[in-house]
Amino acid sequence: MAAKKIYLSSPTMHGEEQKFVKEAFDTNWVAPLGPNVNAFEKELADYVGISHASALSAGTAAIHLALKILGGRRGRRGFRFLIDIQRNLQSHCL
């Protein structure tokens, strides 16, 4: 019996989302970044009271960056459970 897929969310875009995606294409700011991402990072940093914030493309990138900042490197086991949890979620949800 094939495993049943569990979708975390269905991809939908309405109103504001469509406006921002169209704006990104119209202004050629699809990659790497653009004014909306810059504004989001600044607003987030201001909200939490820090000087800088970085928006990342995925949870995997966020975990990788967090481990790098905390001094994680190959062979250390302190935060391995984060990676294991993510792999388990991905394998069950894809």
Side-chain angles (χ1 to χ4, degrees):
M1 178 177 186
K4 182 180 176 186
K5 290 185 180 185
I6 301 172
Y7 297 100
L8 298 178
S9 64
S10 59
T12 60
M13 277 196 265
H14 305 286
E16 289 290 304
E17 294 94 351
Q18 287 177 324
K19 181 184 107 181
F20 288 127
V21 169
K22 183 179 182 326
E23 179 184 310
F25 278 98
D26 290 347
T27 59
N28 205 27
W29 276 111
V30 176
L33 294 174
N36 290 331
V37 175
N38 296 340
F40 171 76
E41 290 173 338
K42 173 145 182 32
E43 189 175 324
L44 179 62
D46 291 345
Y47 180 78
V48 297
I50 57 176
S51 60
H52 296 84
S54 294
L56 300 172
S57 61
T60 303
I63 290 172
H64 179 80
L65 181 60
L67 291 173
K68 287 289 200 182
I69 289 170
L70 294 171
R73 61 185 181 277
R74 188 174 299 277
R76 291 192 65 188
R77 300 180 70 159
F79 291 95
R80 181 176 171 158
F81 69 93
L82 292 174
I83 303 299
D84 291 340
I85 289 170
Q86 183 183 14
R87 283 187 187 141
N88 286 332
L89 287 172
Q90 288 175 339
S91 68
H92 292 311
C93 296
L94 297 178

Open item on the list: Please enumerate all residues that pass salt bridge (charged side-chain N to carboxylate O under 4.0 Å, His left out) together with Glu17, with sequence neighbours excluded.
Closed with: none
TODO: Kindly give the heavy-atom pair with the smallest separation between Gln18 and Met13, and that separation in Å.
DONE: NE2-O, 3.5 Å
May I have the list of side-chain donor-acceptor pairs in residues 47-56 shorter than 3.5 Å, sequence neighbours left out?
none

- [ ] Please collect all salt bridge (Lys or Arg N to Asp or Glu O under 4.0 Å) contacts where either partner lies in residues 31-42, sequence neighbours excluded, each pair once.
- [x] Lys42-Asp46
Show every donor-acceptor pair shorter than 3.5 Å between a side-chain atom in residues 26-40 and any protein atom, with sequence neighbours excluded, or say none if there are none.
from  : atom 1 : to    : atom 2 : distance (Å)
Asp26 : OD2    : Lys22 : NZ     : 2.6
Thr27 : OG1    : Glu23 : O      : 2.8
Asn38 : ND2    : Gly34 : O      : 3.4

Task: Residues in side chain to side chain contact (heavy atoms under 4.5 Å, CB included) contact with Glu16, at least two apart in sequence or another chain - done: Lys19, Phe20
